[in-house]
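Have a look at the structure below, then the notes.
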Amino acid sequence: MAMVFIAGMVVTAAAIGVAAYFLGYLFPAPPTSEKSDRKPQYWRSPMDPREVYDKPGKDRMGMDLIPVYEGEEPAGSPGTIRIDPATIQNIGVKTTVVERKPLSREIRTVGRVAYDEQKVRQITPKIGGWIERQRVNFPGQIVEKGEPLLEIYSPKLVSTQEEYLVAQRYREQLKESPIPDIVEGGESLLKAAEARLRYWDITDAQVRALRERGEITRTMTLHAPFKGIIVKKSVPEGGHVMPGQTLYEIADISTIWVYADIYEYEAPWLQPGQKAEMTLAYQPGVSYHGKVVYIYPYLNNKTRTLQARMEFPNSKDLSLKPDMWTNIILRSVVVRDGLAVPIQAVIRTGKRDVALVALEGGHFAPRELRLGAQVGDEFEVLDGLEEGELVVTSAQFLINSESSLQTAIGKMTDEHGGHAPQAPMPAPEREEPEPSTPHRHPAKE
């Protein structure tokens, strides 16, 4: 069991040692006078960190050995490494400063324009009859408030007009009576006939015209209750209608509703009253501003999305039309004062999140992070970094591999009671070294 564990550690170290080979072999630092004055302490294999020699040459795999100078041994916290400035420049290491700032999340989705259902009404007559003439006769037609819709003939409406005129004449005859009850009775009879006309949606202007004219009309006109567009027309001209039957459906689109689907994981950033921005594909550069008015308390089982309803004021020319598709942007404040790092600075292994901090003198140290919400191209950092520190945003995978290599060396030497050699040592005279402790081997000439 011990041999299997040791073999696994050696294979792991050899695998992550590839990064060290890239850093030290593919990007060799140019010789400097400072290095030329120093004497290498030992040479090691770029692929196997436990294969150490006392002079230059090639390792058992035929690769050039890497010299290790004084001061280049692992130092600082576990995983801390030092990289030559020339190598840092060659592999394109970039850093950024950890900042504390307000963090806001942006939700982008697609919306569908619909009618404001609070401003949709059905025009239904309260009396039965026949449509003699239609003024509005096709869906999509825009009507103004009070505009005539149709003329209807109803026997009940004709008889009620006659009752109203009779009550008016009766009141005129009795208003000179010295008996107050008789005068009051004439007034009550006239008001009752007038109220019946109003209950049938006959307007004040029509009642006044009937009173001034003194003659009944065969048809009466029904008017639009408010401005809007005709969504539906149910009965054609000449048709018969019953009380309560729908003639028209009118919608006011001065304000419109927009429905949008929000993914389940974005639900925490959605709330009523939140400001919303909307754009149309055929109107580049034009934005409409509204707000979220309702969030439905259930999810779509098929799409796993939450539906939100927004309200927007329409333009004067009613450019926002029902069933149009729009682009929606919702913004919500996640943290008013939090630490933020770019996504590129975070290495996500699946079990933990790591960032590489750039220290002085070309040293780099890994930091395990505790992340909060993702806000655009940044992560909120809850723990692991401090404001003002430098984190690596480019080539961090190479540096992290070298850091993992140093950590692996430290674990292997600690577990087996050894340590990295500090002075050249002669190699033992045997063909195959024991893998439990680091040994020196005579380098191949």
Side-chain angles (χ1 to χ4, degrees), residues 110-158 160-161 197-210 213 216-260 278-283 286 288 290 293 309-327:
V110 176
R112 178 179 60 85
V113 178
Y115 297 103
D116 183 344
E117 295 182 8
Q118 297 175 339
K119 296 183 178 181
V120 177
R121 289 186 59 180
Q122 291 182 339
I123 306 301
T124 57
K126 297 177 175 62
I127 54 175
W130 288 262
I131 298 176
E132 293 285 326
R133 181 185 178 190
Q134 275 188 332
R135 305 287 184 86
V136 176
N137 50 19
F138 64 90
Q141 187 172 350
I142 299 177
V143 297
E144 300 290 336
K145 181 178 180 180
E147 181 178 341
L149 296 176
L150 56 84
E151 295 178 9
I152 185 171
Y153 164 70
S154 172
K156 287 186 178 181
L157 191 56
V158 172
T160 303
Q161 291 182 76
L197 291 173
R198 295 184 188 280
Y199 292 158
W200 289 341
D201 294 334
I202 304 303
T203 63
D204 294 343
Q206 289 175 302
V207 173
R208 186 169 57 251
L210 175 61
R213 186 173 59 247
I216 64 173
T217 57
R218 185 172 181 275
T219 61
M220 296 294 285
T221 303
L222 300 183
H223 297 79
F226 56 80
K227 178 181 178 179
I229 62 173
I230 302 298
V231 178
K232 182 180 180 181
K233 188 192 79 167
S234 302
V235 181
E237 186 172 296
H240 180 266
V241 295
M242 298 295 292
Q245 182 178 350
T246 300
L247 297 176
Y248 298 100
E249 191 171 297
I250 300 179
D252 181 3
I253 58 173
S254 58
T255 60
I256 52 94
W257 284 354
V258 176
Y259 294 94
M278 179 175 63
T279 58
L280 304 177
Y282 75 94
Q283 286 185 335
V286 179
Y288 298 87
V293 294
R309 190 179 76 220
M310 290 154 281
E311 185 177 278
F312 290 84
N314 210 336
S315 59
K316 293 183 179 179
D317 59 350
L318 304 180
S319 58
L320 298 177
K321 298 174 176 57
D323 290 327
M324 293 178 65
W325 292 101
T326 66
N327 297 315

For the residue pair Leu210 and Ile202, establish whether any side-chain heavy-atom pair is separated by less than 4.5 Å.
no
Start with the C-alpha gap between Arg218 and Glu151, add the side-chain angles, then the distance that decides, and say whether salt bridge (Lys or Arg N to Asp or Glu O under 4.0 Å) holds.
CA-CA 10 Å; Arg218 185 172 181 275; Glu151 295 178 9; over 6 Å; no
Taken in chain and number order and not counting sequence neighbours, the residues that satisfy side-chain hydrogen bond (donor to acceptor under 3.5 Å, both in side chains) with Glu147 are none
Which heavy atom of Thr219 sits nearest to which heavy atom of Glu132, and what is that distance?
CG2-CG, 3.4 Å
Hey, could you give me the CD1/CG distance between Ile123 and Leu222, rounded to the nearest 0.5 Å?
8.5 Å
Met278 vs Met310, test: side chain to side chain contact (heavy atoms under 4.5 Å, CB included). Steps then yes/no.
CA-CA 10 Å; Met278 179 175 63; Met310 290 154 281; over 6 Å; no
At what distance, to the nearest 0.5 angstrom, does OH of Tyr153 lie from CE of Met220?
14.0 Å
Looking at every heavy atom in both Val258 and Gly111, which two are closest together, and how far apart are they?
CG1-CA, 3.9 Å
Which atom names give the shortest non-hydrogen contact between Pro155 and Trp130, and what distance separates them?
CD-CZ3, 4.2 Å
Could you tell me the separation between the CD atom of Glu311 and the CH2 atom of Trp257, rounded to the nearest 0.5 Å?
7.5 Å
Nearest-0.5 Å distance that lies between atom CD1 in Ile253 and atom CG in Asn314:
5.5 Å
Closest non-hydrogen atom pair, Ala224 against Val143
CB-CG2, 4.2 Å
Of all heavy-atom pairs between Ile131 and Pro236, which one has the smallest distance, and what is that distance?
CD1-O, 3.9 Å
Do Lys156 and Trp200 make a side-chain contact, defined as non-hydrogen atoms from C-beta onward lying under 4.5 Å apart?
yes
Just to verify, what does Lys126 make a salt bridge (charged side-chain N to carboxylate O under 4.0 Å, His left out) with, not counting sequence neighbours?
Asp201
State, with a plain yes or no, whether a side-chain heavy atom of Ile250 is found less than 4.5 Å away from one of Ile230.
yes
Under a 3.5 Å distance rule, please check whether Ser154 uses its side chain to pair with a backbone N or O of Gly128 as donor and acceptor.
yes
Quick check: are there more than 12 heavy atoms from other residues, nucleotides or ligands sitting under 6.0 Å from CZ of Phe226?
yes
Qualifying residues under side-chain hydrogen bond (donor to acceptor under 3.5 Å, both in side chains), relative to Arg133, sequence neighbours excluded
none
Only counting residues at least two apart or in another chain, list the ones meeting side-chain hydrogen bond (donor to acceptor under 3.5 Å, both in side chains) with Thr255.
Asp116, Lys119
Side-chain touch Tyr248/Leu150, heavy atoms, less than 4.5 angstrom:
yes
If a pair satisfies side chain to side chain donor-acceptor pair (under 3.5 Å) and one of its residues is in residues 227-247, list it, with sequence neighbours excluded.
Gln122-Thr246
Would you say the side chain of Leu320 lies within less than 4.5 Å of the side chain of Leu280, judging by non-hydrogen atoms?
yes
Pro322 to Tyr115 - nearest heavy-atom pair and separation
CG-CE2, 3.3 Å
Might you confirm whether atom NZ of Lys321 has over 12 heavy atoms from other residues, nucleotides or ligands at distances under 6.0 Å?
yes
Measuring from Thr279:OG1 to Gln283:CD, what's the distance to the nearest 0.5 Å?
10.0 Å
Between the CG atom in Leu197 and the OG1 atom in Thr160, the distance rounded to the nearest 0.5 Å is 6.0 Å
Do the side chains of Val120 and Val231 get nearer than 4.5 Å, heavy atoms only?
no
Using the test side-chain hydrogen bond (donor to acceptor under 3.5 Å, both in side chains), find all partners of Ser319 that sit at least two apart in sequence or belong to another chain.
Tyr288, Ser315
